[in-house]
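Presented below is the structure to which this report refers.
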Amino acid sequence: MSSSCFTDLALQYIDGEWRPGTGSWDIIDFNPYDDEKLASITIATAEEVDQAYRAAARAQKQWAATNPYARRAVFERALRLIEEREEEISEAIIAELGGTRLKAAFELHLAKEFLREAVHLALAPEGRIVPSPVDGKENRVYRVPVGVVGVISPFNFPFLLSIKSVAPALALGNAVVLKPHQNTPIVGGSLVAKIFEDAGLPGGLLNVVITDIAEIGDAFLEHPVPKVISFTGSDQTGRHVATVCARLFKRSVLELGGNSALVVLDDADLDYAVDAAVFSRYVHQGQVCMAANRVLVDRSIADEFTERFVAKVKTLKAGDPRDPETVIGPVINSSQADAIQGVVEQALAEGATALVRGGRTDNLVEPSVLTGVPAGSALLKQEVFGPVAFLVPFDGEEEAVRLVNDTPYGLSGAVHTGNVERGVAFAKQIDTGMFHVNDGTVHDEPIVPFGGEKHSGLGRLNGETMVDSFTTTKWISVQHGRSGFPF
């Protein structure tokens, strides 16, 4: 994607119009690999957030009344546009967030799958006739859109995770205001709006405001129009979103961080488990909420597994994400790179051993593998958003279960074993929203409920759960006879 394309999309999209923000400062959009300036975007103010929500509210009523078959056609066209523009979008993912070509292809594949599901969701809501104990009464239960949904998307999979909430909310008859992460304003915001605009979505139904809380505070959350806030990001910010929403009686759908473990039992296929563990830890530089921060291995096979794991990690090529051979590209910014370095240094200071210690060049942080992190270390309980793996031995399944659960998070995880039912029995003991037997920890599918327990979030997305998240029920009763009243 050329720099001119970034510049063309470096605008707010409000009420069907592309226009500059009126804030007092600009968000500078940089390529995290070579620090190239991609675009300069004048931020939206709280007033423009208000304009976006008001536009959404005006447009939503007619959209909700539109035949769902007509709504469905918009998503079919959007899907075709993504297919036609796949190379351009891929280049944008590589440039704006440092994603490798493999990562860009992975993100685009999932984005298309979620749009295909949105096509079906337009027809998903069904009403019910519910029996009544009152003679002559007919109880109708309708599924209706909530109205307007506010979506806040993250920087790691911005195109996918914006579409993942935006498309279902629109398909179900709502309007949307989208706030992308300030590090990925084009891929996570403007590009999504452009695709839906070109697909024929009426103006006002999708609005994109590129801004920062330093400018708008909680205006995006506190505005009276949105009835649901869908947030994907850190648990610290998610806690604040949930608190504001609860105070204002808004519904929040929170997809937050994780500290997933990949567990290797004593009967596992070691080569396969190594492949799964390396992918689960290092995909997109470890900047994935489902990434396997911890790799737990039965002590009886720990030495052999560790040798193979380290050998595999040493083959991962770090460098320019535009190179098809690159597996490890840059992290999103220097603050993230500093934090990852800090994790490694803290672990070593606590007595861990670096089996692989990756170097750093600007935002390019090479993989590290650490073992011997003390059992009580806070590092084993927190999310590490970067290419650092902790190898942890255990003695028997009971200890493995305890170690996996010993974290405030509960998003994903995996176990490897030669006995599938042993793996399922293990998975049932883990306090997590998702768990995988003989696979990696990083998975997302359009019709399977996605979400976490504990600090990893509230609610679920995907498939039928989208109907629960973005619609509400309405009871309308009809009395065909005459009711009797006590006075």
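What you see is a predicted model; the values in this text were computed from it and never measured.
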So which pairs with a foot in residues 286-309 pass ring pair (Phe, Tyr, Trp, His ring centres under 6.0 Å), sequence neighbours left out?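 Output for this query lists Phe305-Phe309.
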Tell me, which pairs form a ring pair (Phe, Tyr, Trp, His ring centres under 6.0 Å) where one or both residues lie in residues 312-366, sequence neighbours left out? none
With rounding to the nearest 0.5 angstrom, report the [atom1] to [atom2] distance, [X] to [Y].
{"X": "Gln182", "Y": "Ile27", "atom1": "CD", "atom2": "CD1", "result": "5.5 Å"}
{"X": "Gln12", "Y": "Ser190", "atom1": "CD", "atom2": "OG", "result": "7.5 Å"}
{"X": "Ser252", "Y": "Leu458", "atom1": "OG", "atom2": "CG", "result": "5.5 Å"}

With a 4.0 Å cut-off on N to O distance, would you call Asp8 and Lys194 a salt bridge? no
Within 6.0 angstrom of Glu325 CD, more than 12 heavy atoms from elsewhere: no
Are there over 12 heavy-atom neighbours, none belonging to Ile213, within less than 6.0 Å of that residue's CD1?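 No - once you tally the heavy atoms of other residues, nucleotides and ligands closer than 6.0 Å, there are 12 at most.
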Residues in side chain to side chain contact (heavy atoms under 4.5 Å, CB included) contact with [X], at least two apart in sequence or another chain:
{"X": "Arg402", "value": "Glu399"}
{"X": "Glu464", "value": "none"}
{"X": "Gln429", "value": "Val401"}
{"X": "Thr237", "value": "Phe231, Ser234, Val241"}

Sorted by chain and residue number, the side-chain hydrogen bond (donor to acceptor under 3.5 Å, both in side chains) partners of Thr407 (sequence neighbours excluded) come out as Asn259
For [X], give me all partners under ring-ring contact (aromatic ring centres under 6.0 Å, His included), at least two apart in sequence or on another chain.
{"X": "Tyr13", "answer": "Trp18"}
{"X": "Trp25", "answer": "none"}
{"X": "Phe157", "answer": "His284"}
{"X": "His443", "answer": "His436"}

Would you name the heavy atoms of Pro330 and Gly319 that are closest together and state the gap between them?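 Reported closest heavy-atom pair: CD-O, 4.4 Å.
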Side-chain donor or acceptor of Thr326 paired with backbone N/O of Asp320 under 3.5 Å: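 Side chain of Thr326 to backbone of Asp320, a donor-acceptor pair under 3.5 Å: yes, one is there.
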Please table the atom pairs, donor to acceptor, closer than 3.5 Å between any side-chain atom in residues 362-372 and protein atoms at least two apart or in another chain.
residue, atom, partner, partner atom, Å
Asn363, OD1, Ser334, N, 3.1
Asn363, ND2, Pro32, O, 3.0
Glu366, OE1, Gly359, N, 2.9
Ser368, OG, Gly358, N, 3.0

